[in-house]
Undergrad: 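Take a look at the following structure, please.
Each chain gets a letter, A, B and so on, in the order its sequence line appears, and its residues count up from 1. Everything quoted here is computed from the prediction, not taken from an experiment.
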Number of protein chains: 2
Amino acid sequence: MQLTRQSEYAIRTMLELSMLPEGEFMQSRTIAARQELPEQFLNKTVQILARSGLVETRRGMQGGIRLTVKPGEITIADVVAAVEGKIALNPCLADGYHCANQPACRVHGILKRAQAAMLAELGKETFAELAGEDENRITS
Amino acid sequence: MQLTRQSEYAIRTMLELSMLPEGEFMQSRTIAARQELPEQFLNKTVQILARSGLVETRRGMQGGIRLTVKPGEITIADVVAAVEGKIALNPCLADGYHCANQPACRVHGILKRAQAAMLAELGKETFAELAGEDENRITS
DNA sequence: AGTAATAAGATGATATTTATCCTGTTTGTG
DNA sequence: CACAAACAGGATAAATATCATCTTATTACT
């Protein structure tokens, strides 16, 4: 009932990249260092982001990672979706699963709404807003 | 990012019990059979529910499990909380964790609201309502 | 006593998550 | 060209978490 650490790493990565001037690359090493993440594992995460089209990578010197989307146009919901795949609060909600005709599945509707509510929240603020907040942040 | 199966079993159990006349016991065997759950594992789950005070057990003949709360006064949120403990969408939100002063934790607020939104949904309908729906249910 | 029922500890089986290692492949630089 | 910098990706290991079962109590009714 938690986001995986990989999701968290992905979110942090996107946030770092969102704070960069548009079109600029940042290296995974730098991200790993700034956020104190295991570099190799982060690389895997970046690959996922890249395959999902959120990010673009470039090898070799002066390579790195950069956004392919505008920070103003993506949200945490997008990143979580990319990393964790289709979210299903319960197998009951997963694709292709056919609810047995049992009383328990009355629950189905509620879980579905709960999940929708959560995703809606996660989709409310863009990374641009998140990154912006960061500059003059207040101690939480 | 999913409820555990144990949570699901617990929900189904509470639902079965909610459909019983008040004060009546149902045996774990019966619940397991009706819902097609592994009996022994279900027992563990019931123990958790019992320790959380949602349910009461009685050993020996004519023993079983019954609610200690009114179906109209509990929701899926309560059951999930009992089984999964304090929910935290992210370590960041867990008790005692102190956010490093890093940009990523801007995310904190959003995750918190998302989680709250989800729990709010899960707390909207009581088991009385769920069990009621069940009697004249419509094929979903 | 005997039987029906849950309690609880130990243990095992999987599955998932997290992490690392190693060997490519790409790309700029001297 | 040769080299170094940086990501790509397969294999594998380590750590957890989840799911399940077995066994031995303990409780309570008859």
Side-chain angles (χ1 to χ4, degrees), chain A residues 1-13 16-17 24-33 35-68 80 83-91 94, chain B residues 1-13 16-17 24-33 35-68 80 83-91 94:
Chain A
M1 187 80 221
Q2 270 200 187
L3 296 174
T4 62
R5 235 178 264 183
Q6 198 164 35
S7 290
E8 195 193 326
Y9 296 172
I11 293 170
R12 296 203 201 181
T13 299
E16 286 287 344
L17 296 176
E24 208 163 291
F25 287 93
M26 181 180 265
Q27 292 151 15
S28 69
R29 262 183 95 163
T30 310
I31 298 172
Q35 298 284 343
E36 298 177 16
L37 313 178
E39 189 182 334
Q40 309 250 29
F41 188 56
L42 177 60
N43 282 339
K44 305 288 186 188
T45 310
V46 168
Q47 284 175 35
I48 295 174
L49 291 175
R51 284 190 214 107
S52 312
L54 293 174
V55 131
E56 184 180 44
T57 62
R58 187 154 114 194
R59 303 202 243 200
M61 283 177 118
Q62 262 135 50
I65 302 143
R66 72 175 170 195
L67 297 179
T68 51
V80 171
V83 177
E84 313 226 352
K86 205 153 211 166
I87 294 172
L89 201 53
N90 205 47
Chain B
M1 190 78 220
Q2 271 200 186
L3 295 174
T4 62
R5 236 179 264 187
Q6 198 163 34
S7 290
E8 196 193 326
Y9 296 172
I11 293 170
R12 296 204 202 181
T13 298
E16 286 287 343
L17 296 177
E24 208 164 289
F25 287 92
M26 182 181 263
Q27 290 152 18
S28 70
R29 266 183 91 162
T30 310
I31 298 172
Q35 297 284 342
E36 297 176 18
L37 313 177
E39 190 181 334
Q40 309 251 31
F41 188 55
L42 177 60
N43 283 339
K44 303 289 185 186
T45 311
V46 168
Q47 285 173 34
I48 296 173
L49 291 175
R51 283 190 215 106
S52 312
L54 293 175
V55 130
E56 185 180 44
T57 62
R58 188 153 112 192
R59 302 202 241 200
M61 282 179 118
Q62 262 138 48
I65 302 144
R66 72 174 170 194
L67 295 179
T68 51
V80 171
V83 177
E84 312 226 354
K86 204 153 211 166
I87 294 173
L89 201 54
N90 204 47

Undergrad: Using only atom types and a distance under 3.5 Å, with no angle test, would you say the side chain of A:R58 pairs donor to acceptor with the backbone of A:F25?
TA: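 Flag not set: sc A:R58 to bb A:F25 has no pair under 3.5 Å.
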Undergrad: May I have the distance from B:R12 (atom CZ) to D:dC19 (atom P), rounded to whole angstrom?
TA: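 So the two atoms are 13 Å apart, to the nearest Å.
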Undergrad: Please lay out, stage by stage, how B:S7 and B:E84 fare under the test side-chain hydrogen bond (donor to acceptor under 3.5 Å, both in side chains).
TA: CA-CA 7 Å; B:S7 290; B:E84 312 226 354; 2.4 Å; yes
Undergrad: Establish, with yes or no, whether the OP1 or OP2 oxygen of D:dA8 is under 4.0 angstrom from a side-chain nitrogen or oxygen of A:T57.
TA: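 So the side chain of A:T57 is within the cut-off, an N or O lying under 4.0 Å from OP1 or OP2 of D:dA8.
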Undergrad: Measuring from atom CZ of A:R66 to atom CD of A:Q27, what distance do you get when rounded to the nearest 0.5 angstrom?
TA: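 It is 13.5 Å, given to the nearest 0.5 Å.
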Undergrad: Kindly say whether B:L54 contributes a backbone atom to a donor-acceptor pair with the side chain of B:T68 at under 3.5 angstrom?
TA: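 Yes.
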Undergrad: What is the distance, to the nearest angstrom, from the CD atom on B:E56 to the P atom on C:dA5?
TA: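 So the CD-P distance, B:E56 to C:dA5, works out to 17 Å.
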Undergrad: Please produce a list of atom pairs where a protein N or O lies less than 3.5 Å from an N or O of nucleotides 16-19 of chain C.
TA:
{"residue": "C:dT18", "atom": "OP1", "partner": "A:R5", "partner atom": "N", "Å": "2.9"}
{"residue": "C:dT18", "atom": "OP2", "partner": "A:R5", "partner atom": "N", "Å": "3.2"}
{"residue": "C:dA19", "atom": "OP1", "partner": "A:R5", "partner atom": "NH1", "Å": "3.1"}
{"residue": "C:dA19", "atom": "OP2", "partner": "A:Y9", "partner atom": "OH", "Å": "2.9"}

Undergrad: Please report, rounded to the nearest Å, how far the P atom of D:dC7 is from the CG atom of A:L42.
TA: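 Spelled out: CG on A:L42 to P on D:dC7 is 9 Å.
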Undergrad: Has the side chain of B:R59 got a donor or acceptor that lies under 3.5 Å from a partner of the other kind on the base of C:dT6?
TA: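 Answer yes: a donor N or O sits under 3.5 Å from an acceptor.
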Undergrad: Among residues 47-55 of chain A, which residues get a heavy atom nearer than 4.0 Å to DNA chain D?
TA: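 Result for residues 47-55 of chain A: A:Q47, A:R51, sorted by number.
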Undergrad: Once rounded to the nearest 0.5 Å, what's the spacing between atom CZ of B:R12 and atom CD1 of B:I31?
TA: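 Between atom CZ of B:R12 and atom CD1 of B:I31 there are 12.0 Å.
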Undergrad: Just verifying a value: how many Å separate A:T57 OG1 and A:R51 CZ, rounded to the nearest 0.5 Å?
TA: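 A:T57 OG1 to A:R51 CZ: 10.0 Å, rounded to 0.5 Å.
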Undergrad: Can you check the A:N43 CG to C:dG24 P distance for me, whole Å?
TA: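 Interatomic distance, CG of A:N43 to P of C:dG24: 18 Å.
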Undergrad: Taking only side-chain nitrogens and oxygens of B:Q27, does any of them come within less than 4.0 Å of OP1 or OP2 of C:dA5?
TA: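 Yes, B:Q27 has a side-chain N/O under 4.0 Å of OP1/OP2 on C:dA5.
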Undergrad: So does B:Q40 get a side-chain nitrogen or oxygen closer than 4.0 Å to the phosphate oxygens (OP1/OP2) of C:dA7?
TA: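 So the side-chain polar atoms of B:Q40 never come under 4.0 Å of the phosphate oxygens OP1 or OP2 of C:dA7.
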Undergrad: Between B:S28 and C:dT6, does any side-chain N or O lie under 4.0 Å from OP1 or OP2?
TA: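 The answer is yes; a side-chain N or O of B:S28 sits under 4.0 Å from OP1 or OP2.
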Undergrad: Ignoring hydrogens, what is the shortest heavy-atom contact between A:A10 and A:V83? Give both atom names and the distance.
TA: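 Scanning both residues, the minimum pair turns out to be CB-CG2, 3.5 Å.
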Undergrad: What is the distance, rounded to the nearest whole Å, between atom CE of B:M26 and atom P of C:dT6?
TA: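 B:M26 atom CE is separated from C:dT6 atom P by 11 Å.
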Undergrad: Please report, rounded to the nearest Å, how far the P atom of D:dT21 is from the CG atom of B:L37.
TA: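 Answer to the nearest Å: 11 Å.
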Undergrad: CG of A:L37 to OG1 of A:T13: how many Å apart, nearest 0.5 Å?
TA: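 The distance works out to 6.5 Å.
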Undergrad: Starting at the 5' end of DNA chain C and moving along, which residue's nearest nucleotide shows up first, B:G60 or A:M61?
TA: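 In this pair, the answer is B:G60.
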Undergrad: Please report the distance, rounded to the nearest Å, between CD in B:E39 and C1' in D:dC22.
TA: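 The answer, rounded to whole Å, is 13 Å.
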Undergrad: I need the single residue from B:R5, B:Q6, B:E8 that forms a side chain to side chain donor-acceptor pair (under 3.5 Å) with B:T45. Which is it?
TA: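 Looking at B:R5, B:Q6, B:E8, the match for B:T45 under the side chain to side chain donor-acceptor pair (under 3.5 Å) is B:Q6.
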